[in-house]
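Heads up: numbering here begins at 1 and tracks the sequence.
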Amino acid sequence: MDALVNLGEGFAVVLTPINMLWVLIGAVLGTAVGVLPGLGSAMAVALLLPVTFSLDPIGAFIMFAGVLFGGLFGDSIAGILMNTPGNSTAIAGSIEGHRMAKDGRAAQALATSAIGAFIGGIIASILVVFFAPRLAELATLFGPAEYLALAVFAFVAISAVVTDSVLRGLAALAIGLAISVVGIDGASGASRFTFGLPELFDGIDIVVITVGLLALGEVFSVAGRRGTPDDTKLLASSGRLWLSFRELRQALPAWLRGTAIGVPFGIIPVGGSEVPTFLSYGTERKLDGRRKRPMFGRGAIQGVAGPEAAGNATAGTAMGALLALGLPTSATAAILLAAFRQYGLQPGPLLFDRAPDLVWALLASFFVGMVVLLILNLPFAPLWAKLLKVPKHYLYAGITVFAMLGVYATSGKILDLVLVLAVGLLGFLMRRYGLPVAPMLIAIILGPLAETEYRRAMAVSEGDAGILVSSPISITLYAVLAVAVVGVVFTRVRAARKQRVAA
């Protein structure tokens with residue numbers, strides 16, 4: 001009851017004209033920045049951080065709530081319409097979302113994304129309000145061995161279970177792991193694959209890789225198909241912003257499953273929403289494979305619904321972990337931690353006692369911000385879909401300009417512009433020869449975590465590898481992974497036999 005009373009007081013603060021204006025401005029600006037390739041939701045918060053310094057703390061953080069969730073939806077808009085996600089967290093939902101757009105269902109894909117984001121974010125925010133301290137206790141159950149098991153689970157699940165070809169998935173994973181080790185080795189201090197360039201001592205920035213692989217890779221791929229029938233085809237959208245009963249029936253279980261997958265990952269510091277969104281995508285794809293007429297690969301609405309709900313659920317509980325523990329579990333949470341310190345505040349258990357007005361107003365603004373975004377974006381889904389009618393040479397030229405500007409604005413390094421072109425060409429070659437992009441990105445994002453936790457586990461156990469399978473969590477993850485891999489191998493072998501018999 002105390003939580004409900006405090007939340008009611010938070011709503012009383014948020015539901016004033018001036019604070020509602022900050023929520024609206026934050027949602028619009030966050031969406032606008034999130035749409036731009038190379039910037040995305042985390043960069044939206046970072047770029048708009050100076051704008052809030054003239055506001056009082058409550059107004060500033062209320063605006064941040066709108067920026068945060070608006071940026072997440074902006075990431076998905078770019079991914080669904082142009083296959084250039086604004087951030088790596090939107091990759092999983094863009095795979096089927098873009099196929100829906102190519103099939104003339106862009107408005108329905110955007111509506112699915114908006115509703116999924118709303119459901120995932122609302123459920124996560126409810127859990128944060130009532131169970132933040134208990135949810136945060138889950139993070140203490142993860143040690144080095146558990147984090148390594150989680151990373152291995154993500155590597156193998158995305159490479160072998162989700163992709164169509166195990167060999168190609170593992171090849172893409174190997175490329176990603178090779179890129180992830182560029183830079184200074186934290187344990188020994190030795191430089192690895194830096195070619196003597198000081199700019200590479202910190203490794204290759206994830207923004208450079210994401211923009212090059214997804215945005216420029218797609219631009220080069222489209223340019224390589226110029227003149228083909230597919231290139232000149234006008235994509236027509238039905239403009240229907242509502243979902244039919246059949247589509248809702250397909251999407252609703254995926255929204256709920258995605259939310260269930262995303263909620264715990266918000267309090268586990270694995271870097272953000274990439275892992276839960278891909279796990280949700282893999283779950284939906286596996287379930288779809290059991291149907292008589294699988295839809296994945298042709299624009300499955302479940303492939304958009306699950307990852308979008310998972311991503312926003314993770315973002316919601318990540319804010320809970322930040323407020324309750326002071327633990328930033330994603331890049332966006334780390335930027336918000338800097339914002340708290342800018343106002344002389346330290347997130348953690350004492351924050352609820354020292355600044356209750358701010359905390360509960362911020363929690364209330366999560367609910368208000370997501371409602372505002374749903375109201376804003378559902379009617380505008382058909383309008384966003386009309387971007388597909390822009391001639392491709394204008395559309396992709398604009399993507400290239402914004403992508404390069406976004407990379408340069410992030411670091412200010414000329415070398416990053418060269419690297420983004422090189423990664424873009426790599427993305428083009430991967431598309432040309434059928435190598436999946438998802439395993440490579442997961443390897444780059446989680447590769448450093450896996451290496452660090454492996455070394456930490458070996459140091460704690462003094463070289464005893466048994467520590468890697470000494471806890472119920474790690475054993476469960478490996479067991480589930482083994483069962484999934486065996487099931488996939490069995491299914492594919494049986495399918496291959498049926499094809500040979502039919503031939």
Could you tell me whether a side-chain N or O of [X] sits under 3.5 Å from a main-chain N or O of [Y], the two making a donor and an acceptor?
{"X": "S180", "Y": "L177", "result": "yes"}
{"X": "R431", "Y": "G427", "result": "yes"}
{"X": "T259", "Y": "A313", "result": "no"}
{"X": "S221", "Y": "G217", "result": "no"}
{"X": "T317", "Y": "P264", "result": "no"}
{"X": "S94", "Y": "G97", "result": "no"}
{"X": "R105", "Y": "G299", "result": "yes"}

Just checking F69 against F366, ring centres under 6.0 Å apart?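 So the answer is yes for these two rings.
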Run the ring-centre check on F296 versus Y281 and record whether the distance is less than 6.0 Å.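 Ring centroids of F296 and Y281 are less than 6.0 Å from each other.
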Could you please spell out the steps behind the side-chain contact (heavy atoms from CB on, under 4.5 Å) verdict for M430 and L213? CA-CA 9 Å; M430 291 178 70; L213 199 61; 4.0 Å; yes
Could you tell me which non-hydrogen atom of [X] sits nearest to which non-hydrogen atom of [Y], and how far apart they are?
{"X": "A124", "Y": "G316", "value": "CB-CA, 4.1 Å"}
{"X": "T112", "Y": "W255", "value": "O-NE1, 3.4 Å"}
{"X": "A92", "Y": "T277", "value": "CB-O, 3.6 Å"}
{"X": "L148", "Y": "A450", "value": "CD1-O, 3.6 Å"}
{"X": "G169", "Y": "P436", "value": "CA-CG, 3.8 Å"}

Tell me yes or no: between the side chains of S280 and T283, is some donor less than 3.5 Å from an acceptor?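 No.
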Would you say S76 and E308 are linked by a side-chain donor-acceptor pair, where the criterion is simply a distance under 3.5 Å?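 Yes - a donor-acceptor pair under 3.5 Å links their side chains.
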Mind checking the [atom1]-[atom2] spacing from [X] to [Y]? Nearest 0.5 Å is all I need.
{"X": "I209", "Y": "I204", "atom1": "CD1", "atom2": "CD1", "result": "5.5 Å"}
{"X": "M295", "Y": "M100", "atom1": "CE", "atom2": "CE", "result": "8.5 Å"}
{"X": "K286", "Y": "D288", "atom1": "NZ", "atom2": "CG", "result": "12.0 Å"}
{"X": "L468", "Y": "E453", "atom1": "CG", "atom2": "CD", "result": "11.5 Å"}
{"X": "L362", "Y": "F64", "atom1": "CG", "atom2": "CZ", "result": "10.5 Å"}
{"X": "N312", "Y": "I123", "atom1": "CG", "atom2": "CD1", "result": "11.5 Å"}

Flag the pair [X] / [Y] as yes when at least one side-chain heavy-atom distance between them is below 4.5 Å, and no otherwise.
{"X": "M370", "Y": "S125", "result": "yes"}
{"X": "F220", "Y": "L425", "result": "yes"}
{"X": "L373", "Y": "T31", "result": "yes"}
{"X": "F428", "Y": "V219", "result": "no"}
{"X": "L421", "Y": "L216", "result": "yes"}
{"X": "S113", "Y": "I80", "result": "yes"}

side-chain contact (heavy atoms from CB on, under 4.5 Å), that's the test. Do I301 and E96 meet it? Break it down for me. CA-CA 7 Å; I301 197 169; E96 291 301 311; over 6 Å; no
What do you reckon, is OH of Y478 surrounded by more than 12 foreign heavy atoms closer than 6.0 Å?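 For Y478, atom OH is crowded (more than 12 foreign heavy atoms under 6.0 Å).
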L287 and R257: CA distance, side-chain angles, deciding distance, side-chain contact (heavy atoms from CB on, under 4.5 Å) verdict: CA-CA 11 Å; L287 292 173; R257 283 190 293 263; 3.5 Å; yes
Can you tell me which residue among I126, L127, V128 is in a side chain to side chain contact (heavy atoms under 4.5 Å, CB included) with F130?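 When side chain to side chain contact (heavy atoms under 4.5 Å, CB included) is applied between F130 and each of I126, L127, V128, only I126 qualifies.
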Do you know which of I175, L167, L429 makes side chain to side chain contact (heavy atoms under 4.5 Å, CB included) with L435?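 Exactly one candidate clears the test, I175.
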Give the C-alpha distance, both sets of side-chain angles, the deciding distance and a yes or no for side-chain contact (heavy atoms from CB on, under 4.5 Å) between L417 and Y408. CA-CA 7 Å; L417 297 180; Y408 189 73; 4.1 Å; yes
